[in-house]
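Residue numbers begin at 1 in each chain, while the letters A, B, ... track the order of the sequences.
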There are 2 protein chains.
Amino acid sequence: MAVKRTRRPRGSLTPDVILEAAEAVAEQGFEALSMRAVAARLEAVPMALYNHFATKEQLVAALLDRVLFRFEPPPATDDWIEDLRAFANAHRRLLAAHAWAVAPIFTNPSPGLASVRIGELALAILVRGGLSNADAVAAFSGMLALNYGWASFTAARDLDPGGPSHDVAAMLRALPAEAFPLTVATADAWGTYGSDRDYAFALGRFLDGLRAAASDATI
Amino acid sequence: MAVKRTRRPRGSLTPDVILEAAEAVAEQGFEALSMRAVAARLEAVPMALYNHFATKEQLVAALLDRVLFRFEPPPATDDWIEDLRAFANAHRRLLAAHAWAVAPIFTNPSPGLASVRIGELALAILVRGGLSNADAVAAFSGMLALNYGWASFTAARDLDPGGPSHDVAAMLRALPAEAFPLTVATADAWGTYGSDRDYAFALGRFLDGLRAAASDATI
DNA sequence: ACCTGAACACCGTTCAAGT
DNA sequence: ACCTGAACACCGTTCAAGT
């Protein structure tokens, strides 16, 4: 009674079709993304994928670039700092919406076209603010680093709800207060570790400093 | 002529000995760290490790905690912002000195004791600066995120010298200037992407904003 | 209690073969 | 040109056996 596998039609496997399947698999956790799992979802044999991507690494790079191309820049206003804030928030939301992608993007800092596009859009805001080329690159790097680091805090929780990082407040409260007085005292605040409010605070301080530096330079 | 494997003496395998070997393996690249490779280095059989660590995940968690315990806080001065700057720099140097550990720490936000210790030390500085508990946690989160994100930029290069991220400047210069004018114009600045100078700029703006916020609150 | 050996269910990928 | 099948050299881990 075994169902005889039908042979896949000739042109039915394209990079797009493969990436679509790969993303569906990755959404169940990036570690679940294997060439064999993607092939199985397409009812193809693992080796069929290798006609379209030379290695798994290249398939993953293409997949991540595809995700990053979904970034939509907020409309510009006349306040470059507010534009930068909106930009950073939109970028962080993109990462949060693809929690499975955060770790591999972090590990694989692929200089793909989608990353270049995001950089170009950010530089436009920073240069408009009066920053030098060198400072604009440094400022964009800082914003990216903040977002990737922050996304790792939240991605870990989103990907593993109920995991060890879930009731961090309870764990910290149970520590010896003699050794870690401030940690125990701030246990409640740690419960919202990685929250939107905390992100707004951190990003806000960075933008405050950036605005001050830019106005110093232009006076 | 095959050398007969001698049986390992009874107490010769301890968690410390295993972690020592694991770190030596991981230094050749974290993806090279397998239970089998660690066992081979100890001239033991893979299953021997399971008497000391229940899973690979637990072994890795212990290994990362061990690395983070090497953090040495700089001595305190009477300027909390300068103390925070020195703290952030020391933390980033620790990550840079263990480039192989950056990705797994990022993926595995283990609330291990070493992380708690680092947090306690940072909070001491922030509370001394007059920040509320909630703001201190947010500020420390921001500094951590910045450092982990930044470390990912440099770790990728350090772990794969001569890799695709090596001559990023040349790659960016080759892009169509109509589509990416600012990227092409800043190609030289991107060549030093992730540099100490750029980090100092990004951290500096964050600390400027933090100082301003703290003095506002205490007036 | 701790170390071993064989086995199981996975990987990515090579290589030769089909159509 | 693209899809297939079998095989190779790896994984983490279970389970039963040694000492």
inquiry  = Give the residues of residues 21-40 of chain A touching DNA chain D, defined as any heavy atom closer than 4.0 Å, sorted by residue number.
reply    = A/Arg36
inquiry  = Quick check: on DNA chain D, is the nucleotide nearest B/Lys56 upstream (toward 5') of the one nearest A/Leu13, or the reverse? Name the residue that is more 5'.
reply    = A/Leu13
task = Using the test side chain to side chain donor-acceptor pair (under 3.5 Å), find all partners of A/Arg93 that sit at least two apart in sequence or belong to another chain.
result = none
task = Compare every heavy atom of B/Asn133 with every heavy atom of A/Ala185, then report the nearest pair and how far apart it is.
result = O-ND2, 3.5 Å
ask   = Under the criterion side-chain contact (heavy atoms from CB on, under 4.5 Å), which of B/Asp188, B/Thr183, B/Thr186 is the partner of B/Leu172?
value = B/Thr183
task = Take the protein atom CG of A/Leu42 and the nucleotide atom C1' of D/dC2, then report the distance between them rounded to whole Å.
result = 15 Å
request  = Could you list the residues that satisfy side chain to side chain contact (heavy atoms under 4.5 Å, CB included) with B/Ala22, not counting sequence neighbours?
outcome  = B/Leu33, B/Val38, B/Leu59, B/Leu63
ask   = In Å, rounded to the nearest 0.5 Å, how long is the span from OG1 of A/Thr154 to CG of A/Leu159?
value = 9.0 Å
message = Using the ring centroid of each side chain, check whether A/Phe140 and B/Trp190 are separated by less than 6.0 Å.
response = yes
key: Shortest non-hydrogen contact from A/Gly11 toward A/Thr14   = O-CG2, 3.7 Å
key: Pairing annotation in dot-bracket form, given for DNA chain D with Watson-Crick or G-U pairs under 3.5 Å and | for cross-strand partners   = ||.|||||...|||||.||
query = Does any donor atom in the side chain of A/Tyr199 or A/Asn147 lie under 3.5 Å from an acceptor atom in the other side chain?
reply = yes
query = Does A/Arg8 offer a backbone N or O that forms a donor-acceptor pair with the side chain of A/Ser12 under 3.5 Å?
reply = no
inquiry  = Donor-acceptor pair, distance only, cut-off 3.5 Å: does the side chain of A/Arg205 make one with the backbone of A/Phe201?
reply    = yes
task = Let me know the distance between CG of B/Leu59 and P of D/dT13, rounded to the nearest Å.
result = 10 Å
ask   = side-chain hydrogen bond (donor to acceptor under 3.5 Å, both in side chains): which pairs involve residues 18-38 of chain A, sequence neighbours left out?
value = A/Glu20-A/Arg66, A/Glu23-A/Arg70
task = Using atom CZ of A/Phe53 as one end and atom C1' of D/dC2 as the other, report the distance to the nearest whole Å.
result = 15 Å
Rounded distance in Å - CD1 (A/Ile18) to C1' (D/dC3) = 11 Å
query = In the 5'-to-3' direction, what one-character label does each nucleotide of nucleotides 14-19 of chain C receive under the scheme B = base within less than 4.0 Å of a protein heavy atom, S = sugar-phosphate only, - = no such atom?
reply = BB--BB
